[in-house]
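Below: the structure, in structure tokens.
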Amino acid sequence: MQEVCVITFRRMTLPIYLTPASISYLTQFILSLAITLFLLNRLRSRRSPSLLLLTGFFAPMTALTGLMILDAALLKFPRILPAYAENTVLALALVAMIWFAYQFPERYPQRKWERRILLTLSINFLLFEAGFMVYRYVSLVRDGNVFNRLPLDAYSLPMVVLFIPFAFIRQTLAADPRPIPWWRKLWNPEGKGARGARNFALVFGVPVVVGIISVLLNFGLPFEYFNAAMSIGILLMLWLFANNYVNFIPGSVNVASRLSILTLTLFLSLIGTMGWLIAPSYVATFKPDLPDHQTLRFTPNAAGRYDVSEADFHFERVLGEKVGDQTLDENGNQRAEFTFPYYGEIYTEAYVTYSGTISLGEPFRPLNLQTAAARVPTLYPLKISLYPNPAEENSGLYIRCEPERLIVTWNRLLTFQSEMYTFQSILYADGSFEFTNDGLPQSILYSSDSTPWLRGAVAGRGELLHELPVGVEAPTDLVTLSRAGATPLLENHQLAFRRYLHTFMLPVAWVVFGGSLLILLLIPLLLRSTIAKPLEALTDGVRRMGAGEKHIALPVQTEDEIGFLTGAFNTMSNTIDDLVRNLETRVANRTRELDDANTTLRAEMIQREAAQNQLLQQQRMLATFEERQRLARDLHDSVSQSIYSLVLFSETLVSTLQGNNVTRSIQIAKHLQESARQASKEVRLMLYEFQSSESEREINFMQDLETRLSTVERRAGVRAQVIQEGKMEYCPREWLGNLFWITVEVLNNALKHAQARKVVIAIKCFPRSVDLEIVDDGIGFNPAEVRSGGMGLRNIRERADLIGGELTIDSSPGKGTRVFFHAGI
């Protein structure tokens with residue numbers, strides 16, 4: 001007898017039959033459980049809303065993977081008990097994850113309504129799943145009806161899953177305050193919190209990759225490779241998510257814990273993948289006891305049961321009428337009228353399905369075959385999912401009804417693995433019936449969910465469908481079952497296959513359990529002795545040195561990188577200790593040397609001070625002389641010339657008035673006014689320059705600029721406007737002086753040479769840049785014709801180069817002048 005794992009719970013026996021899928025879910029369960037225990041341990045010392053919510057995600061995920069293990073390892077009826085609860089548990093995990101997403105790295109007020117909307121939708125999805133789960137359980141217990149998931153779930157579940165990366169993307173944008181496009185924030189987020197949220201969003205790209213791989217199934221990708229990719233993908237997502245959180249939570253996680261979880265993940269990925277890859281070769285060796293070209297006859301006996309015997313092979317070649325899809329009911333049943341005595345009851349209707357079943361009295365509901373017991377009298381010539389071959393005209397389900405017999409033929413039908421089946425059942429009016437195989441595949445391919453499943457008959461009186469009859473210890477053929485008087489009369493080929501596969505997968509499960517325990521228990525011990533303990537000693541030495549202890553000698557236990565660091569630490573400790581021990585002597589010697597040097601220096605300083613006083617006096621005299629010369633030049637070049645022009649225009653005006661030339665007199669008077677106005681500008685500018693100096697104090701850009709405009713431009717009749725954008729605090733303080741004197745130099749040119757009537761100054765200070773723009777409506781000039789240094793341009797460009805910005809001067813005769821300066825911070 002083959003070994004079978006059995007779980008007993010309150011008088012209910014649940015036999016476990018391991019499959020590659022159950023091993024894959026087992027690896028995910030172990031990793032999820034390890035992460036959950038790790039998070040629970042952290043909750044003991046550090047509680048935070050985000051940690052509680054993350055634990056609230058991994059705990060349901062652990063329960064979900066446990067349910068999926070049972071779903072994959074149990075037979076048809078027991079498996080629906082955990083399967084019904086899977087989506088509810090998953091919905092609970094998704095609610096916790098969406099809530100966590102809006103808590104990481106912190107809760108942002110601008111996301112309040114968005115958070116509430118997504119949480120409301122996800123909680124409603126959870127309530128819907130919980131309600132539908134209860135409805136399915138009640139229907140199963142009360143009516144024995146099995147219900148699949150609703151079609152709406154095919155859209156609602158992926159939508160709720162997409163809420164999670166959406167939430168993390170939105171949190172990334174909120175955590176990065178830079179005024180840059182959103183895609184740049186996602187590509188290269190700034191700040192630890194923004195990077196963590198972006199990484200969480202990327203983790204949920206793993207399901208997307210798995211989804212793309214699932215599409216490749218339509219292009220011939222072997223199913224085993226898809227399952228292996230899904231196993232690795234889920235393990236990778238769980239590990240990446242936990243590892244990313246560990247990197248961003250406050251508090252340290254030791255190296256041993258990190259390496260243990262990483263080693264466990266790699267080990268589980270390897271074993272989970274190996275189960276999918278090696279199982280097919282073993283499955284191919286399974287040979288079901290399902291002979292071809294065989295006829296079995298079921299004959300009623302005196303006990304009200306059936307005797308089964310092998311009859312001479314015969315197959316009715318006249319198939320009858322082909323069943324069309326348009327005549328099938330919602331469960332795929334084709335009704336046929338035929339009077340047939342069966343287990344002491346008389347039935348007048350038979351219902352035939354493509355899946356190799358004939359029910360009596362009422363339609364067959366395929367989903368109810370997953371319940372524990374049979375409630376409908378049914379014949380199973382060969383229970384298997386079939387469909388017509390579109391390439392063959394005669395492929396299909398045929399019914400031939402005669403007064404004394406009903407002939408049902410499943411002719412050249414295909415399975416989902418493209419295997420072709422032909423078999424037939426004949427019901428006789430005396431209550432006997434026959435099953436005949438006449439065209440089974442030469443090598444039937446099995447998988448954990450692919451059949452041939454059942455062959456035989458049940459009376460529909462509560463016979464167990466997924467367990468062996470009482471007194472039978474292993475699946476056997478119908479003839480042997482009838483001789484033993486077993487009830488029901490069913491060959492369970494799926495049970496035989498699952499036992500066969502379980503024998504192969506059981507050692508893999510023990511490897512998973514044993515290897516996981518070994519990694520979680522032994523690896524930390526090995527890492528502690530080889531890595532963690534030397535690192536802890538080195539860390540403790542650094543702490544002691546930080547606390548004030550200077551002479552520390554740590555034992556060098558290995559010659560690896562940690563040993564090298566320990567040796568370097570010891571050398572540094574000795575050096576510091578030597579410096580501290582000899583510090584007083586060195587300080588005394590150095591003090592004497594400094595005293596001697598100071599004495600010499602004082603004498604030199606006295607001499608230098610006298611020389612400096614004499615030099616300063618000479619510099620003051622020279623500066624006074626140079627200032628007088630500059631004043632004389634300015635008076636001669638500007639004011640004197642303007643006054644001389646006034647004299648000439650006055651004399652000319654007198655002459656023209658004496659000559660009664662009024663028109664000419666008016667023109668000369670206008671020139672006289674313009675010369676007077678220009679002289680006034682020059683005088684006010686000279687008075688401002690006498691009162692101001694670059695070195696007197698720190699520049700307050702806006703205040704000093706307003707003083708300049710009020711003192712000079714506005715009094716000279718020039719309309720001046722100042723525009724400020726951003727905050728002046730963003731502009732480096734060391735730039736303000738140069739920016740101010742650039743502005744003053746440009747204003748001087750506009751006043752002296754451009755004859756401007758209006759000037760606009762715009763200063764824009766932002767976190768990443770500073771812009772300065774000065775525009776006047778003067779006579780303009782051609783910058784290409786200006787000599788180097790003309791109109792103070794050299795001074796303006798030198799100051800712009802000191803800041804490291806870019807200066808642009810746009811002007812043309814009669815068009816005014818625009819000076820623009822830009823510098824990045």
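Only this structure's heavy atoms are used, side chains among them; waters, hydrogens and symmetry mates stay out. Values in this document were obtained by computation on a predicted structure and should not be read as measured data.
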With a 3.5 Å distance limit and no angle check, can you tell me whether T711 reaches the backbone of R708 through a side-chain donor-acceptor pair? no
Supply the atom-to-atom distance I742 CD1 to I803 CD1, rounded to the nearest 0.5 angstrom. 5.0 Å
Do you know which two heavy atoms are closest between D776 and G778, and how far apart they sit? OD1-N, 2.9 Å
Would you say CH2 of W735 has more than 12 non-hydrogen atoms from neighbouring residues, nucleotides or ligands within 6.0 angstrom? yes
Contact between I723 and I761 at the side-chain level, heavy atoms closer than 4.5 Å - yes or no? no
Give the minimum heavy-atom separation between P165 and A201, together with the two atoms involved. O-CB, 4.0 Å
How long is the span from the CD1 atom in I774 to the CD1 atom in I796, to the nearest 0.5 Å? 7.5 Å
N/O donor-acceptor pair under 3.5 Å between R198 side chain and L186 backbone: yes
Might you point out which heavy atoms bring L119 and V95 nearest each other, and give the distance in Å? CD2-O, 4.1 Å
Would you name the heavy atoms of G780 and S811 that are closest together and state the gap between them? CA-OG, 3.4 Å
Does a salt bridge link K185 with D176, judged by any charged N lying under 4.0 Å from a carboxylate O? no
For E114, give me all partners under salt bridge (charged side-chain N to carboxylate O under 4.0 Å, His left out), at least two apart in sequence or on another chain. R170
L202 side, atom CG; T172 side, atom OG1 - distance, nearest 0.5 Å: 8.5 Å
Taking atom CE of M159 as the centre, does the number of heavy atoms from other residues, nucleotides or ligands within less than 6.0 Å exceed 12? no
Do R107 and Y102 have side-chain heavy atoms sitting under 4.5 Å apart? no
From CZ (R799) to CZ (R797), nearest 0.5 Å: 15.0 Å
Are any of the side-chain heavy atoms of V744 and D704 separated by less than 4.5 Å? no
Would T743 and I763 count as a side-chain contact (heavy atoms from CB on, under 4.5 Å) here? Give the steps. CA-CA 10 Å; T743 306; I763 178 74; over 6 Å; no
Answer yes or no: are there more than 12 heavy-atom neighbours, outside Q724 itself, under 6.0 Å from its atom CD? yes
Could I get the full list of salt bridge (charged side-chain N to carboxylate O under 4.0 Å, His left out) partners for R714, not counting sequence neighbours? E706
Taking all non-hydrogen atoms of both residues, which atom of P783 and which atom of I809 are closest, and how far apart? CG-O, 4.3 Å
So, S769 side chain and C765 main chain: donor-acceptor pair closer than 3.5 Å or not? no
Note, L772 side chain near F701 side chain (heavy atom, < 4.5 Å): yes
Side-chain contact, heavy-atom cut-off 4.5 Å: L747 with E713? yes
Sorted by chain and residue number, the salt bridge (charged side-chain N to carboxylate O under 4.0 Å, His left out) partners of D777 (sequence neighbours excluded) come out as none
As an exercise, state the distance from CG of L94 to OG of S122, rounded to the nearest 0.5 Å. 8.0 Å
Going by heavy atoms in the side chains, are V770 and Y730 under 4.5 Å from each other? no
With sequence neighbours left out, which residue pairs that include part of residues 797-825 fulfil the ring pair (Phe, Tyr, Trp, His ring centres under 6.0 Å) condition? none
Which pair of heavy atoms, one from A756 and one from V718, lies closest together, and at what distance? O-CG2, 3.5 Å
Please list, chain by chain and in numerical order, all residues satisfying salt bridge (charged side-chain N to carboxylate O under 4.0 Å, His left out) with R733, sequence neighbours excluded. E698
Pairs touching residues 177-203 that satisfy ring pair (Phe, Tyr, Trp, His ring centres under 6.0 Å), sequence neighbours left out: F100-F200, F104-F200, F168-F200, F200-F241
Going from CG on L52 to CG on L43, what distance comes out if it is rounded to the nearest 0.5 angstrom? 5.0 Å
Are any non-hydrogen side-chain atoms of Q103 and L51 less than 4.5 angstrom apart? no
